[in-house]
Amino acid sequence: MPEQTLESDTGQFEPALQQLLQDLPFTYQRIGPTSFAVTPNADQPSKDKPQIRPLTEEVTVTGQNLTGSHLRHFQMDSYAPIDRLSREQLDLIGAQTIADLLKFLPAVSGNSTSTSVSQEDDGTATVSLRGLPASNTLVLINGRRIIGDGYNGEATDLNTIPLSLVERVEILKDGASAVYGSDAIAGVINIILRRDFEGLSIDSHFGQAQEGDRQTDSHHLTWGRHGERSHIMFSLAHYKQGAVMSRDRSLSASADSRNYGGTDKRSSAIPQGFIALDSSSVLTSASSGNYQDWSLEERYNYNDYTSAITPTESHSAYLSANFDLSENTLLFTEVMGLRTSAESTKAPTPVFTRFDNGELTIAADNIYNPFKQDITDVRKRILELGPRIQKNYTTTWRMNSGIKGAHNEWQWELSSSLHHTDRIEKLSNLIDPYALSIGLKGPDICNSDSSCIPINLLGPSGSLDKEQLDFIRGQSSTQNHSRMESLTFVSDGVLGRINAGQILAAAGIEIRHEALTSHSNDSMGLSFIGGHTPGSAKGSRIIKEAFAEISIPVQADKLWLDGAIRLSNYSDFGSTYNPKLATRWHATESLQLRASFATGFRAPTLTDMYQEGYQSQEFIFDPCTNENADRLVGCPGQSDSARIQYLTEFGGNPNLTPETSKSLSVSLTWTPEQIKGLSTTIDLYDIQQDDVIGSSPQFLVEQNAYKGLFPEKVIRDDSGEITKILASRINRGSRKIRGYDIALRYDLPSEGFGQFSFALNMSQMLHYLNQGAPEIAEEDLVGTFIDTATGGAGSLPEWKANAGVYWSSGRWKLGYTTHFVGSMKESYNQGDKLVTRKISSWTTRDLQLAFNPTPRFRLALGVKNLFNSPPPLAVTAINNNFDYRTYDISGRIWYGNFSLKL
């Protein structure tokens, strides 16, 4: 049949299909959100309408590989609970990064996506489904595993995947360890890159927040060409995002949120100094030689310096090529290189002489000590050093090459992959604890013979001159190298035929080598004051896996049974196997039911097992600071209520075992014939996860205070003050998560006013039962917020949704989308009382108008957060008084983009 090009006045597929079938004895019906079935017309020919006999043509249908299976399926909308975001949808959303694209999906919650991590930002972005940590969501490119490099190999960094290369994104909301192996407990994000592109494409985007910051621009150049037996495509991309400073938004301007109904989280380390001479006398330096009583109202607002959204920049190049060796054999290769950088700003370094690394007692004979007594507790913000600047650089290379072909009814592919990632992090304007320690001593220790410069921590701001600053100034540097090599063979096809249809099968083997090397500088084993020491980690492993799948028809075009299994052998902890069983039933042409049960696992990462020497000042609440501390079994006395950070040392554990899971999902899809254009789906899920790997210092501190547990890990002095927390990783807990998703789409019949479409996606989490350890009772976290920086699960709203109305007519398209995050509760101690407050729900609206004057040119103007809705206050959020992983503090953003194809 000759190729035809059909024009549609509305720019929609359905009118073009009507035009194609005109005068032919066929009709069509919608069978899913993106699928149509062409069927014989039931109308009988009349005398006035003679029967048309179309030419006979043999058509071979091979099906398509879907996320969650190695089989080639024909029932694209009924095989698994998959959300698909097409290239057209990506353009309509106006997102410029994968993280921006996924952040507002209803299935994404908890420790989800972020490129805007305040204070602790390393320029990466990760994603989590179902409220599980990001390490429980597997990210693929073109169905293939990629290296986990979000932080020391913990999770995949979405910022290493340029959105400009993406053709579509498929989100599998089901356990898939039987198909893909480790990490696919919550689900799979499969990013499909552009293929078979022909010509030259230029795309540019410009955006800016209404406040005049967060300037964003991106530019993409793509070229592709088909030869007689080959195809080649090359792409270059550049992305740059500007900063938003905490001080430039009213909600985050101060760490004191009492004006909003919150609490005062300002720091007791102030430029004038907090000087504790004894238990009842705390002074501050008003001027040189003059001191006055210190008060809580003098605490320091570190948000004057911090970045709420970190500026980032990336450059990438991508090459794909394939060559037909024969009619049934294809040689292919893909190469991607990417360089990202980020620079965040933090407040000047604070010193806590009693709690920081090193022996920091100010000697009675220190030349700057007018009190002539040893002073152990001084808290001072060293403004003279300037703000701390954290710079992160990531270089990633990925290559995938192989050969694939077909023989009779079977396809096969042999491929090899090579992934390398190098990360560098530098944090400047810190303090060397050993230099400071010796500089606080008397002349018998700190003198010219020891090349020591005496340090003045007891004077007003500005007391430290350049010589003193140069003596104590430090910079931390961390270098990380991750790599993965893999060899995979997979084959799929028709195993046999029975009366009900074809039995589809797939099988394969995979061998992977993973390695991690990480090291950082420190001061003789101690972290620099004001920073953190990621320490070192060195490890490698070899993984050998075999997998198989089968799909058996039980009733022709009605009922199927599907099965999968994967056997995995890890060189460091042993073997595991994970099966999956599923069924699909087309009860009627408009009603489809599917159900599956699967086991899954998450292998401990190389960081989990081999990290050593990670030290940082963690934000933690200690119950021993409450007024009722004398009634808590683990508190020797009431500790200092002004403290919010505690020295914590994390560590790996080579004896860890994998996290394991069991998941059950049931889905129902209804496309009623009576309402053409309507499609609805409901997906129910139930996940149980055991042997959860954790290292939560907040959990350890709470259990130590309330129950007297973990005294060897929470080290306190005689007065109850925490001097150090040892938080090595252990298999410590379990989770049980249950909920459902609803998706609805309605495409109205095309009329004279154009094509209207309505879409609704919503998710309700029914319960999230978390058990911190076997001896601890389960706690339902649905509808709560506990900051991940304190070991919590983040925001877990009961409801999350988005809805939109879309219109197109000819060359014009208009989209209006609403995002909704339900209300939550948070709890915190105020004095000796436990306070529970409501975090308000949040709704934002996006608008975009696009114009295609020609098929080769597209211009779009849009606005995100149309009504400039600020995120809700979260009192317990460690940074900026809101949960940056769930909300966006940018406010209204205007943008424009254009695309030109030649």
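Quick caveat, the model's predicted, so the values are computed rather than measured.
A salt bridge between Asp846 and Lys864 is absent, with no side-chain N of the basic residue lying under 4.0 Å from a carboxylate O of the acidic one. Using a cutoff of 4.0 Å between basic side-chain nitrogens and carboxylate oxygens, Arg84 and Glu170 are scored as salt-bridged. A salt bridge is defined here as a Lys NZ or Arg NE, NH1 or NH2 lying under 4.0 Å from an Asp or Glu carboxylate O, and Asp608 with Arg602 meets this definition.
Aromatic ring centres of Trp842 and His819: separated by at least 6.0 Å.
Neither side chain, Asn881 nor Ser252, offers a donor N or O lying under 3.5 Å from an acceptor on the other. Side-chain contact, Ser679 with Thr671: no donor N or O sits under 3.5 Å from an acceptor N or O. With no hydrogens or angles considered, no side-chain donor-acceptor pair links Thr137 and Ser128 at under 3.5 Å. Under 3.5 Å, the side chains of Arg594 and Ser667 contain a donor-acceptor pair of N or O atoms. Donor-acceptor pairing under 3.5 Å is recorded for the side chains of Ser665 and Asp174.
Listed for the Asn880 side chain is no donor-acceptor partner under 3.5 Å among the backbone atoms of Phe882. For the pair Ser257 (side chain) and Tyr260 (backbone), a donor-acceptor distance under 3.5 Å is absent. No side-chain donor-acceptor contact under 3.5 Å links Tyr740 to the backbone of Gln764. Within the 3.5 Å criterion, the main-chain N or O of Ile693 finds a donor-acceptor partner in the side chain of Glu659.
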Enumerate, atom names and distances included, each donor-acceptor pair closer than 3.5 Å involving a side-chain atom of residues 182-190, sequence neighbours excluded.
unit_1, atom_1, unit_2, atom_2, d
Ser182, OG, Ala603, N, 2.9
Asn190, OD1, Gly143, N, 2.8
Asn190, ND2, Thr67, OG1, 2.9

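Within a 6.0 Å radius of OH in Tyr577, other residues, nucleotides and ligands contribute 12 heavy atoms or fewer.
Ala877 is linked by a side chain to side chain contact (heavy atoms under 4.5 Å, CB included) to Phe785, Asp787, Ala874, counting only residues two or more places apart in sequence or in another chain. For Ser734, the side chain to side chain donor-acceptor pair (under 3.5 Å) partners two or more places apart in sequence, or in a different chain, are Gln771.
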